[in-house]
Amino acid sequence: MTQAKTETQWLLEELNAEGVLTLTLNRPDCLNAFNDELSFELQKALKSAERNQAVRCIILTGAGRGFCAGQDLQSRSVTASNGDSPHLGDSIRKRYSPIIQKLRTLEKPVIAMVNGVAAGAGASIAFACDLRIASEKASFIQAFVKVGLIPDSGACWTLPRLVGMGRAMELALLGNKISAEVALDYGLVNRIYPAETLKTETNVLAQTLGKGPTKAIGLIKRAMNKGLTSDLENYLDYEAHLQEIAGQTTDYQEGVSAFLDKREAVFTGK
Ligand code: T3D
């Protein structure tokens with residue numbers, strides 16, 4: 001049941017009674033390519049989801065037949081009127097990097113529901129989510145090399161970690177499209193479903209995660225992030241610190257009580 005629904009021009013937000021927030025990129029005519037407004041609205045929505053205790057799982061998806069085609073190339077003038085080249089570094093720092101940072105550090109599960117093509121930064125954003133659930137019609141393209149750029153929005157960080165260096169290099173160097181089936185085979189997506197059942201299946205998964213011990217789920221994300229960049233000794237120390245925090249939660253008490261009572265745990269996310 002819908003608890004609150006707000007619509008903006010470029011991003012649709014829908015929070016249901018189970019605490020699942022669906023964010024829909026809403027520029028279907030250009031396969032949800034990012035203009036400035038969309039990137040800033042997504043940043044704002046992710047920040048607000050982080051703060052809102054009613055939100056316990058986030059689904060990110062696209063309107064129409066695409067997930068996201070990355071940077072809107074129509075709105076990008078390659079040569080400025082004074083003859084200077086555009087400053088893409090500034091654009092990335094202001095518009096894409098904050099989205100990737102927030103997806104990785106937001107202490108709630110984030111699912112990319114990849115309904116169609118995910119290209120350029122659109123693919124990279126899906127890679128930064130915690131899980132990728134794809135339609136059989138989805139595809140992924142690291143299109144950057146086709147326009148003379150490097151993969152951005154963290155793809156050279158996330159992709160080798162998801163699929164290994166050999167496959168990451170092939171995807172980045174050739175910029176070829178891979179189907180949902182190949183992405184599943186690579187371990188790039190977690191599950192694929194027919195287009196007709198994608199939404200229902202993803203919602204079932206999101207509700208399961210939304211009913212989970214949200215605080216512990218946030219700590220799992222922290223642990224995974226640390227594990228990717230740390231040596232074992234430091235990691236184990238950090239792990240002990242995080243488990244100390246998890247052990248103080250109401251959900252830990254509930255989880256153990258429910259196990260001993262042989263009943264299902266009712267987690268509150270606290
Ligand atoms: O600039 C910076 O700030 C740096 C940051 C860069 C980040 C990046 O993401 S760079 C990479 C940008 N993205 C791309 O290079 C992908 C470009 N798109 C495509 O290669 C193809 O459209 C797709 C493979 C994604 C899909 O192909 P297809 O055949 O299914 O659809 P289509 O016919 O090409 O596209 C449908 C419409 O969407 C079409 O408009 P039209 O002709 O119907 O009016 C097309 O122009 C539009 N569209 C698709 N992608 C973009 C786009 N319009 C603007 N920007 C796009 N990225």
Side-chain angles (χ1 to χ4, degrees), residues 9-12 23-44 46 60-104 112-129 132 134-159 162 168-183 186 188-189 192 195 198:
Q9 197 176 354
W10 311 118
L11 186 72
L12 307 181
L23 299 176
T24 305
L25 309 174
N26 188 34
R27 303 188 71 219
D29 292 348
C30 58
L31 306 175
N32 306 310
F34 275 97
N35 58 7
D36 287 0
E37 293 86 343
L38 179 57
S39 52
F40 292 130
E41 283 189 21
L42 181 57
Q43 287 180 27
K44 198 168 140 212
L46 291 172
L60 179 63
T61 192
R65 74 174 174 92
F67 175 74
C68 176
Q71 169 63 35
D72 184 334
L73 297 175
Q74 304 279 0
S75 70
R76 172 67 62 241
S77 63
V78 172
T79 308
S81 50
N82 63 2
D84 286 347
S85 304
H87 294 286
L88 297 189
D90 288 346
S91 167
I92 300 291
R93 284 189 194 95
K94 281 192 203 130
R95 296 166 63 239
Y96 292 104
S97 304
I99 294 172
I100 302 305
Q101 279 281 359
K102 193 54 76 188
L103 289 169
R104 292 305 323 133
M113 181 168 79
V114 187
N115 51 305
V117 64
S124 308
I125 284 173
F127 303 158
C129 293
R132 282 149 296 282
S135 156
E136 283 172 353
K137 292 186 178 163
S139 56
F140 296 84
I141 318 176
Q142 283 288 279
F144 304 91
V145 72
K146 305 263 190 198
V147 293
L149 293 180
I150 69 159
D152 63 34
S153 304
C156 290
W157 193 90
T158 50
L159 199 51
L162 287 166
M169 273 295 189
E170 187 175 348
L171 291 170
L173 294 179
L174 297 175
N176 287 340
K177 189 192 273 192
I178 58 165
S179 66
E181 259 180 40
V182 171
Y186 280 13
L188 189 55
V189 301
I192 55 178
L198 175 71

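Atoms within a ligand are numbered from 1 in the order they appear, just like the ligands themselves. Numbering starts at 1 and runs along the sequence shown.
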Protein heavy-atom contact under 4.0 Å for [atom]?
atom	answer
atom 57 (N) of ligand 1	yes
atom 41 (P) of ligand 1	no
atom 50 (N) of ligand 1	yes
atom 45 (C) of ligand 1	no
atom 21 (C) of ligand 1	no
atom 1 (O) of ligand 1	yes
atom 10 (S) of ligand 1	yes

[X] neighbourhood, listing ligand 1 atoms whose heavy-atom distance to it stays under 4.0 Å:
X	result
Ala121	7 (C), 8 (C), 9 (O)
Ala33	55 (N), 56 (C), 57 (N)
Ile92	4 (C), 5 (C)
Arg95	3 (O)

Could you pull out, from [options], the option with a heavy atom nearest to [atom]?
atom	options	answer
atom 14 (C) of ligand 1	Gly120, Ala69, Gly70	Ala69
atom 33 (O) of ligand 1	Arg65, Arg93, Gln74, Arg27	Arg65
atom 24 (C) of ligand 1	Val145, Leu31, Ile141	Ile141

Can you tell if the side chain of [X] reaches within under 4.5 Å of the side chain of [Y], non-hydrogen atoms only?
X	Y	result
Phe34	Ile99	yes
Ile150	Cys156	no
Phe127	Gln142	yes

With distance as the sole test, does [X] use its side chain to make a donor-acceptor pair with the main-chain N or O of [Y] at under 3.5 Å?
X	Y	result
Thr24	Thr61	no
Arg104	Ala128	yes
Arg132	Leu188	yes
Asn115	Gly64	yes
Asn32	Arg27	yes
Gln43	Lys102	no

Among protein heavy atoms, which sits nearest to [atom], and what does the distance come to when rounded to 0.1 Å?
atom	result
atom 17 (C) of ligand 1	Leu73 CD1, 4.2 Å
atom 53 (N) of ligand 1	Cys30 CB, 3.6 Å
atom 54 (C) of ligand 1	Asp72 OD1, 3.3 Å
atom 43 (O) of ligand 1	Asp29 O, 4.6 Å
atom 3 (O) of ligand 1	Ser91 OG, 2.5 Å
atom 5 (C) of ligand 1	Asp152 OD2, 3.2 Å

Problem - N or O pair under 3.5 Å between Tyr96 and ligand 1 - result: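 Between Tyr96 and ligand 1, no N or O pair is found under 3.5 Å apart.
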
Of all the heavy-atom pairs spanning [X] and [Y], show the shortest one and how long it is.
X	Y	answer
Gly175	Ile141	O-CG2, 3.2 Å
Gly70	Tyr96	C-OH, 4.1 Å
Ala180	Val189	O-CG2, 4.1 Å

Proximity to ligand 1 by part of [X], non-hydrogen separation under 4.0 Å:
X	value
Ala119	side chain
Lys146	neither
Phe144	side chain

Problem - Pair Ser91, Arg95: side-chain N/O donor-acceptor within cut-off below 3.5 Å - result: yes

Handout entry: Partners meeting side chain to side chain contact (heavy atoms under 4.5 Å, CB included) with Leu149 (sequence neighbours left out)
Key = Leu88, Phe144, Val147

